[in-house]
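All heavy atoms count here, side chains included; hydrogens, waters and symmetry mates do not. Residue numbering restarts at 1 for every chain, and letters A, B, ... go by the order of the sequence lines.
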Amino acid sequence: MKSMTPLEEIRHSAAHIMAAAIKRIWPDTKLDIGPPTFNGFYYDIDLDHNLTADDLINIESEMKMIIKENQPFVRIEVDRQEAVTFFKKQNQPYKLERLADIPENEVITYYKNGEFIDLCAGTHVKYTKQVKAFKLLSIAGAYYRGNENNKQLQRIYGTAYPTKQELNQYLELLEEAKKRDHRKLGKDMNIFHIDDSVGQGLILWQPNGSIIRKELQNFISEELTKQGYHEVFTPHIGKLGLYRTSGHFPYYQESQYPPIIEDDVIQMMAAENCSCAQLANRLKEGEIDGYLLKPMNCPMHIKLFDAQPHSYRDLPIRFAEFGTVYRWEQSGELNGLVRVRGLTQDDGHIFCTDNQLGNEIKASIEVVKVVLRTLGILDYRVRIGLRDPDSTKYTGDSVLWNKAENNLRQVAQTLGVDFEEEQGEAAFYGPKIDFVIKDVIGRDWQLGTVQVDYNLPKRFNLNYIGSDNKPHRPVIIHRAPFGSMERFVGLLIEHFGGNFPTWLAPEQVRILPINDNLQCYANNISTLFKKW
RNA sequence: GCCCUUGUAGCUCAGCCGGUAGAGCGCGUCCUUGGUAAGGACGAGGUCGGCGGUUCAAGUCCGCUCGAGGGCUCCA
């Protein structure tokens, strides 16, 4: 059993006290789990009564009672069968399921404070009075075991600190963070606008935001020219067939805007009294065609590559584009600039040979590091996203996947950066290295990314002619140092708290005439600055 | 999409137990002023997110709906 840090113990104990308080108020509450978190704690409960903010006040005062009672936390080892009987009698189905998860050879323990007994591995503070400073913060829905097919439980978030002073400091920090929120600053500084009548998650860039974005684009374009990229432009829509080949349609249909269907086809289907279900089916089967707002740029770049035959002497070929893509994100997930439905990637695709792969990955990662260093973003983590072996959402065979994953790992090891590997974080066509940073309230966001892809070259049957005069399959690297312009600018606003370095600042100079007689002179100076 | 919260002038907000809207900042005009969030006078600006219901009467109560915030799920 691994024990908790003193702070975790306080928070976890606070969670137990909260559960005990809730049981006092609603005795038939069914409990799930209540762990400490990075910023506090939560407890998931199943309760017929829908909790409201007012309930939190009541729960808090009951918690204060329990703390005042200064109950000891007592660890009790218990026989498995005994525990089963107990939780059955208590009508705690979630505890029974959690109990069943505990391996046979492990000791089962209760923790008891006052009348409240919880299945728990510990650890806790000694007495409830040691929880000196806590606050309940919010109520949220949370699916049991994080699976959306399961029942949604009610989760209460709270936080706790060793002292009142530290708690207040944290609460003030939250207030301060709100002031740096890119949605607030973005509005105050006229950086962007989201308009209901245009659509959720669709960004309108104000002139000030456009300056920032353009400066960033110029900056990265210079870097890419140095590295031998060719800039290209491709359209916003493409035929469904293209995305059938890539695998986007119909397999990722739920995260795309629906297809655009030609008017002739709509008329024809209407004449046949065709139902929506039939329409969907005929689209899926490819009996009728249409267009898709592009969810990714890669198929277009692949077609550019494939427009001519290539010799191994031509490789690597590097295409770059500020390509705008559209994705149907769930409405509850949209968030200012950082999670949107239309985003512009500083996208690029490198077509290279297996031998060139290592150097190209390295160079791609270097660009990401240059970007972060230039902007003073030093607090980031590096994540290697691997496929989830249990999931079916990935394309291609595991031999190619293993090859790609090994390649990425090897390069990462030569970079001198700390990285962690996470399963299930890969793209559907290949593994990736992501650069992840936090926003003002501590949420992780992926920015720059470098992805290795053996699968799309196969799906699109790409070839180059090798020195042996035979066709060979190239590898594709997908990479985006900023990730998306929207998200990057959003996090940049928070990173700088709105105080942009001069080269990015929308307003670099302001001329203040001290009286109206100097208006004309001020105008002249202003014109001079603009020319400059 | 689901849970909780929330929606009054450009912004921040007030508006009691239902009786047909208010402040500060901002904006406009004029006056004043050698200045760094200046002062004064006057003024414009709101079908209280939308639709429906209850009521003699709805910003206020109820239902539905749309948007936003915090989570959960998702994020090729």
**Student:** By nearest atom, which of the nucleotides G67(B), C75(B), G70(B) is closest to the Ser138(A) side chain?
**Tutor:** G70(B)
**Student:** Can you confirm whether Ile237(A) sits close enough to Lys294(A) that some side-chain heavy atom of one is under 4.5 Å from a side-chain heavy atom of the other?
**Tutor:** no
**Student:** Please determine, by modelled atom types, if Gln451(A) and Tyr429(A) share a side-chain donor-acceptor pair under 3.5 angstrom.
**Tutor:** yes
**Student:** Would you please confirm or rule out a distance under 4.0 Å between OP1 or OP2 of C75(B) and any side-chain N or O of Gln330(A)?
**Tutor:** no
**Student:** Using the side-chain heavy atoms of Ala140(A), tell me which of these nucleotides is nearest: G71(B), C72(B), C75(B).
**Tutor:** G71(B)
**Student:** Of the options C11(B), G71(B), C75(B), whose atoms approach the side-chain atoms of Ile441(A) most closely?
**Tutor:** G71(B)
**Student:** Nearest to the side chain of Arg183(A), heavy atoms from C-beta on, is which of G70(B), C72(B), C74(B)?
**Tutor:** G70(B)
**Student:** Within the pair Arg443(A) and G70(B), is there a side-chain N or O less than 4.0 Å away from OP1 or OP2?
**Tutor:** yes
**Student:** Could you check whether Tyr157(A) gets within reach of a base, just the sugar-phosphate, or nothing at all, counting any heavy atom under 4.0 Å?
**Tutor:** sugar-phosphate
**Student:** Classify the ring geometry between Tyr257(A) and Trp328(A) as parallel (under 30°), tilted (30 to 60°) or perpendicular (over 60°).
**Tutor:** perpendicular
**Student:** Of the options Gln446(A), His478(A), Glu425(A), which is the one that meets Lys432(A) in a side chain to side chain donor-acceptor pair (under 3.5 Å)?
**Tutor:** Gln446(A)
**Student:** What pattern of brackets, bars and dots sums up RNA chain B from 5' to 3', given Watson-Crick or G-U wobble pairs under 3.5 Å, [ ] for crossing pairs and | for another strand?
**Tutor:** (((((((..((((.....[..)))).(((((.......))))).....(((((..]....))))))))))))....
**Student:** Is the closest side-chain donor-acceptor distance between Asn149(A) and Tyr144(A) under 3.5 Å?
**Tutor:** no
**Student:** Is Leu137(A) touching bases, backbone alone, or none of the nucleic acid, heavy atoms closer than 4.0 Å?
**Tutor:** nothing
**Student:** Would you indicate what Gly146(A) reaches in the nucleic acid, counting non-hydrogen atoms under 4.0 angstrom: base, sugar-phosphate, or nothing?
**Tutor:** sugar-phosphate
**Student:** Can you tell me how the ring of Phe351(A) sits relative to the ring of Phe305(A), calling it parallel under 30°, perpendicular over 60° and tilted otherwise?
**Tutor:** parallel
**Student:** What nucleic acid atoms does Thr52(A) come within less than 4.0 Å of, heavy atoms only: base, sugar-phosphate, or nothing?
**Tutor:** sugar-phosphate
**Student:** For U12(B) and Lys184(A) - does any side-chain N or O of the residue sit under 4.0 Å from the phosphate oxygens OP1/OP2?
**Tutor:** no
**Student:** Scan Tyr429(A) against the nucleic acid and name what it touches under 4.0 Å (heavy atoms): base, sugar-phosphate only, or nothing.
**Tutor:** sugar-phosphate
**Student:** Within the structure shown, what part of the strands sits under 4.0 Å from Gln256(A) by heavy-atom distance: base, sugar-phosphate, or nothing?
**Tutor:** base
**Student:** Would you indicate which nucleotide in C75(B), C72(B), G67(B) comes nearest to any side-chain atom of Arg339(A)?
**Tutor:** C75(B)
**Student:** OP1 or OP2 of C4(B) less than 4.0 angstrom from a side-chain nitrogen or oxygen of Asn50(A), does that happen here?
**Tutor:** yes
**Student:** Are Ser331(A) and G1(B) close enough that a side-chain N or O sits under 4.0 Å from OP1 or OP2?
**Tutor:** yes
**Student:** When you measure from the side chain of Asn335(A), which nucleotide among C11(B), C4(B), G70(B) comes out closest?
**Tutor:** G70(B)
**Student:** Can you list the steps and then say if Arg98(A) with Asp32(A) is a salt bridge (charged side-chain N to carboxylate O under 4.0 Å, His left out)?
**Tutor:** CA-CA 8 Å; Arg98(A) 298 286 181 183; Asp32(A) 186 24; 2.8 Å; yes
**Student:** Nearest to the side chain of Ala142(A), which nucleotide is it out of C75(B), G67(B), C72(B)?
**Tutor:** C72(B)
**Student:** Students often get this wrong, so: under 4.0 angstrom with heavy atoms, is Leu153(A) touching a base, only sugar-phosphate, or nothing?
**Tutor:** nothing
**Student:** Let me know the distance between CD of Gln206(A) and P of C11(B), rounded to the nearest Å.
**Tutor:** 12 Å
**Student:** Taking the six-membered ring of Phe482(A), is the NZ or CZ of Arg213(A) close enough (under 6.0 Å from the centre) and on axis enough (within 45°)?
**Tutor:** no
**Student:** Heavy atoms from C-beta onward define the side chain here; which of G1(B), G70(B), C4(B) lies closest to that of Tyr143(A)?
**Tutor:** G1(B)
**Student:** At under 4.0 Å, does any side-chain N or O of Asn190(A) touch on OP1 or OP2 of G10(B)?
**Tutor:** no
